[in-house]
Amino acid sequence: MPCNNSKSSLLLQRINETPTTTACKQAYRHPTAAQVPEQVVYHHTHAVGPNQCCSAVTQHISAPISTVWSVVRRFDNPQAYKHFVKSCHVVVGNGDVGTLREVRVISGLPAVCSTERLEILDDERHVMSFSVVGGDHRLANYRSVTTLQAAGGGGTVVVESYVVDVPQGNTKEETCVFVDTIVNCNLQSLTQIAENLARRNH
């Protein structure tokens with residue numbers, strides 16, 4: 001399901017523009033960022049530098065944790081639920097920690113490609129983390145952590161948090177709103193895919 005947000009489109013335009021101002025230098029937490037469940041807060045605690053921002057998005061999915069994890073853990077196939085990803089090619093590794101992938105994104109985003117490293121893949125605790133280590137984009141030093149937690153009624157709570165440098169010419173709030181929009185769209189897509197899988201497997 002496509003995600004349209006006029007405010008994020010404006011922010012996208014600003015992030016694409018040539019930097020003209022210096023971003024503020026205080027840690028910023030987006031006010032609408034999701035409350036991270038206490039059981040997984042450790043994984044979502046980021047060291048935030050003076051010109052970085054962090055946020056988190058939570059999504060409840062009506063599908064078993066095993067079904068959701070089977071989609072999320074595929075570091076080689078993010079386009080399965082991330083609609084902004086056009087293609088993905090593993091350049092080093094076989095899916096274990098340290099694997100590098102090159103992701104190409106759809107046109108219109110402030111990026112062409114991104115080289116990403118798998119930092120954590122914990123099948124027991126359902127934790128995955130990757131960091132951006134290169135590429136042609138403006139969201140530098142991006143690191144993401146995704147956790148899954150079993151919820152009542154056979155569902156799953158997904159939390160995705162991140163920390164990222166604020167591009168010059170943008171504020172920390174603008175950067176968080178923009179990235180939150182992308183993460184929200186990804187998790188909505190994951191919800192649809194996982195719940196459809198669960199229905200087929202039922």
Side-chain angles (χ1 to χ4, degrees), residues 2-36 43-59 75 78-79 81-89 91 99-120 128-147 158-190:
C3 292
N4 295 317
N5 186 311
S6 59
K7 187 172 183 183
S8 69
S9 297
L10 175 62
L11 296 174
L12 171 61
Q13 181 180 354
R14 289 213 55 205
I15 288 175
N16 268 316
E17 288 171 354
T18 303
T20 55
T21 61
T22 303
C24 60
K25 296 196 171 187
Q26 301 216 344
Y28 178 79
R29 174 95 181 164
H30 190 251
T32 60
Q35 294 296 314
V36 177
H43 298 290
H44 299 285
T45 302
H46 298 277
V48 183
N51 194 41
Q52 293 185 312
C53 65
C54 72
S55 186
V57 177
T58 298
Q59 179 77 33
F75 186 69
Q79 66 270 34
Y81 72 96
K82 296 183 177 183
H83 290 169
F84 298 105
V85 174
K86 183 163 62 175
S87 65
C88 174
H89 176 63
V91 292
T99 295
L100 293 177
R101 68 185 180 191
E102 183 177 281
V103 170
R104 295 201 167 269
V105 302
I106 62 173
S107 61
L109 289 178
V112 175
C113 63
S114 174
T115 304
E116 301 169 356
R117 181 183 190 274
L118 182 60
E119 304 288 353
I120 300 171
M128 181 179 183
S129 173
F130 73 89
S131 59
V132 173
V133 296
D136 180 6
H137 55 82
R138 293 199 62 210
L139 296 180
N141 292 318
Y142 184 90
R143 182 182 173 109
S144 167
V145 178
T146 302
T147 60
V158 182
V159 180
E160 183 168 341
S161 66
Y162 63 86
V163 60
V164 66
D165 289 2
V166 176
Q168 285 188 323
N170 293 96
T171 67
K172 297 186 180 188
E173 180 177 7
E174 288 171 338
T175 305
C176 275
V177 169
F178 172 70
V179 180
D180 280 0
T181 299
I182 292 176
V183 173
N184 264 309
C185 286
N186 289 340
L187 294 185
Q188 289 171 22
S189 172
L190 175 63

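One-based numbering along the sequence shown. Model, not experiment: these values are computed from the prediction.
Note that CD of E160 and OG1 of T58 are 10.5 Å apart. Values are rounded to the nearest 0.5 Å. The NE2 atom of H43 sits 14.5 Å away from atom CE of M128, with the distance rounded to the nearest 0.5 Å. Going from atom SG of C88 over to atom CD of E102 covers 9.0 Å, rounded to the nearest 0.5 Å. Note that SG of C113 and NZ of K86 are 10.5 Å apart. Values are rounded to the nearest 0.5 Å.
Residues V159 and T146 fail the side-chain proximity criterion, which asks for heavy atoms closer than 4.5 Å. Contact annotation: the side chain of L139 approaches that of P167 to within less than 4.5 Å [non-hydrogen atoms, C-beta and beyond]. Residues V133 and L100 meet the side-chain proximity criterion, which asks for heavy atoms closer than 4.5 Å. Considering only heavy atoms from C-beta on, V132 comes within 4.5 Å of H137 through its side chain.
Nearest heavy atom pair, residue V85 against residue P78, reads CG1-CG, 4.3 Å. The minimum heavy-atom distance between F84 and N186, with the atom names listed, is CD1-OD1, 3.9 Å. Here the shortest heavy-atom pairing between S189 and H83 reads OG-NE2, 3.1 Å. In this structure, I120 and L118 approach most closely via the heavy-atom pair O-CD1, 3.5 Å.
Every residue meeting the side chain to side chain donor-acceptor pair (under 3.5 Å) condition with E116, not counting sequence neighbours, appears here in chain and number order: R101, S114. A search for side chain to side chain donor-acceptor pair (under 3.5 Å) contacts involving T115 returns nothing, not counting sequence neighbours. With sequence neighbours excluded, the residues forming a side chain to side chain donor-acceptor pair (under 3.5 Å) with T147 are H44, listed by chain and number. With sequence neighbours left out, E119 forms a side chain to side chain contact (heavy atoms under 4.5 Å, CB included) with R117, S129, S131, R143. With sequence neighbours left out, the side chain to side chain donor-acceptor pair (under 3.5 Å) criterion links H46 to S161.
A side-chain donor-acceptor contact under 3.5 Å links Q52 to the backbone of G49. In terms of modelled atom types and a separation under 3.5 Å, the side chain of R104 and the main chain of H89 share no donor-acceptor contact. A donor-acceptor pair under 3.5 Å links the side-chain atoms of Y162 to the main chain of C176, judged by distance alone.
For the residue pair T175 / N170, no side-chain donor-acceptor distance below 3.5 Å is found, with atom types taken as modelled. No side-chain donor from either of D165 and Y142 sits under 3.5 Å from a side-chain acceptor of the other.
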* Hey, mind stepping through V103 and S87 against side chain to side chain contact (heavy atoms under 4.5 Å, CB included) and telling me if it holds? -> CA-CA 6 Å; V103 170; S87 65; over 6 Å; no
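By the 30° and 60° cut-offs, the orientation of the rings of F75 relative to F130 is tilted.
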